[in-house]
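Computation of the quantities below employed the complete heavy-atom set of this structure, encompassing side-chain atoms and omitting hydrogens, waters and symmetry-equivalent molecules. Sequence lines set the chain letters: A, B, ... in the order given, protein chains first and strands last, and positions in each chain run from 1.
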Protein chains: 2
Amino acid sequence: MSDTSLAEVLRERGLRLTAQRQLVLEAVYGLGHATPEQVHAKVAKTAAGVNITTVYRTLELLEELGLVTHAHLSHGATTYHPVVGEQHVHLVCRICHAIQEVPAAMLNPLASKIEKERGFQVDPAHVALFGLCARCGGNQ
Amino acid sequence: MSDTSLAEVLRERGLRLTAQRQLVLEAVYGLGHATPEQVHAKVAKTAAGVNITTVYRTLELLEELGLVTHAHLSHGATTYHPVVGEQHVHLVCRICHAIQEVPAAMLNPLASKIEKERGFQVDPAHVALFGLCARCGGNQ
DNA sequence: CTAAGTGCAAAGGTTTTGCAAGTAG
DNA sequence: CTACTTGCAAAACCTTTGCACTTAG
């Protein structure tokens, strides 16, 4: 996702390209996974004045534009991540809260079974699987 | 889960059986899925004076005791549910927020694949799959 | 220019904490 | 009795909203 395409997507909707929007998008891409707070911190390194309110509003906008998505990972933390390339499923450790990713394709057999049986279309990128990671699980 | 076994589990830890703890546990069992707020409302029907703070503290305690668990369903809402009988996976619609359940066993093939490849043990009851339900998906 | 975007401050909602009063065992 | 529990009030979060100022196009 380059600034050019951000500009285009914005222009299609009559919206404006601003420094803040570029910075927030770059932060999400740079961080991979991040809470609004973390995005704000990263953006602040470049442009100290950017308000957390703007970060929230921009993340919401970028999500509408299809450039980022969010997932609900541990204890209510909303985590944003880029929409790019291969989608993935998050594995969240209940103990150490470490996040791993596995290819979303692994979910396909389950997803099609659920769709057949329930008519429910699973959105793999938004899915979180909770459990115990190798390190924490080994000790329990 | 009877009051008797709640009393036993508490006694093993030197904790006390109180009316509030019985009511909160009963509320979770009666509701199936519930936010702390909903548990509080249900408890209030029997004992009006119970404080929301106590509900939060009690839910946390009951989870430590293994009597209830929680999952993170839509937009950060913490939802508690009983640990009893068949475990299930939650399907949460991103549009109407309706919740369906499917047997946790459906997750088994995926869970064992992930455990083999990553050493990560998936906890099915804590899992939420986001997507579009039959009604909302059909219209999109 | 002028409509869209931002920053600031304040409000809203949820969850946690400190402490004195209450009570189960 | 006495340590565990509760209720209350306040604080701590996280997120949203209203409004005047700023700015991209």
Item to complete: For residues A/Ala105 and A/Pro109, report the shortest heavy-atom separation together with the two atoms involved.
Response: O-CD, 4.0 Å
Item to complete: Starting at atom CG of A/Leu6, determine the distance to atom P of D/dG25, rounded to an integer number of angstrom.
Response: 11 Å
Item to complete: Name the closest nucleotide to the A/Val50 side chain, picking from C/dG7, D/dT5, C/dT16.
Response: C/dG7
Practice prompt. Output, in order, the C-alpha distance, side-chain angles, deciding distance and verdict of side chain to side chain donor-acceptor pair (under 3.5 Å) for A/His33 and A/Gln38.
Written response: CA-CA 9 Å; A/His33 293 101; A/Gln38 291 168 328; over 6 Å; no
Worksheet, complete the sentence: d(B/Arg21 CZ, B/Glu26 CD) to nearest 0.5 Å is 14.5 Å
Worksheet item: Which residues in residues 36-44 of chain B have at least one heavy atom lying under 4.0 Å from any atom of DNA chain D?
Response: none
Worksheet item: Roughly how far, to the nearest 0.5 Å, is CG of B/Leu17 from CD of B/Glu8?
Response: 11.0 Å
Practice prompt. May I ask you to verify if any side-chain N or O of A/Gln20 is less than 4.0 angstrom from the OP1 or OP2 atom of C/dG7?
Written response: yes
Worksheet item: B/Ala104 and B/Pro124: which non-hydrogen atoms are nearest, and at how many Å?
Response: CB-CB, 3.5 Å
Item to complete: To the nearest 0.5 Å, tell me how far A/Leu129 CG sits from A/Gln100 CD.
Response: 11.0 Å
Fill in: Closest to the A/Arg21 side chain, choosing from C/dG5, C/dT15, D/dT16
C/dG5
Worksheet item: Using 30° and 60° as the class limits, which term best fits the ring planes of A/His90 and A/His81: parallel, tilted or perpendicular?
Response: perpendicular
Discussion item. Between B/Leu15 and B/Tyr56, which residue's closest nucleotide on DNA chain C lies nearer the 5′ terminus?
Written reply: B/Tyr56
Discussion item. Distance check, rounded to the nearest 0.5 Å: B/Ser112 atom OG versus B/Gln121 atom CD?
Written reply: 12.5 Å
Discussion item. Below the 4.0 Å mark, does D/dT15 have OP1 or OP2 next to a side-chain nitrogen or oxygen of A/Thr78?
Written reply: yes
Practice prompt. Sugar-phosphate atoms are those with a prime plus P, OP1 and OP2; base atoms are the rest. Using that split, label each nucleotide of nucleotides 19-24 of chain C B, S or - for protein heavy atoms under 4.0 Å, 5' to 3'.
Written response: ----BB
Fill in: Nucleotide C/dT6, atom C1' - distance to CG of A/Leu10 in whole Å
15 Å
Practice prompt. Select one nucleotide: of C/dT15, D/dT6, D/dT16, the one nearest the side-chain heavy atoms of A/Thr53.
Written response: D/dT16
Worksheet item: Looking only at side-chain N and O atoms, does B/Asn51 come under 4.0 Å of OP1 or OP2 in D/dT6?
Response: no
Worksheet item: Within the structure, does a side-chain N or O atom of A/Thr54 lie under 4.0 Å from either OP1 or OP2 of C/dT6?
Response: no
Item to complete: Give A/Ile52 one of three labels, base, sugar-phosphate or nothing, depending on what nucleic acid heavy atoms sit under 4.0 Å from its own.
Response: nothing
For residues 58-65 of chain A, which side-chain N or O atoms pair as donor and acceptor with protein atoms under 3.5 Å away, sequence neighbours left out?
residue, atom, partner, partner atom, Å
A/Thr58, OG1, A/Thr54, O, 2.6
A/Glu63, OE1, A/His70, ND1, 2.8
A/Glu63, OE2, A/His70, N, 3.3
A/Glu63, OE2, A/His70, ND1, 2.8

Practice prompt. Round to a whole Å and report the spacing from CD of B/Glu63 to P of C/dT16.
Written response: 11 Å
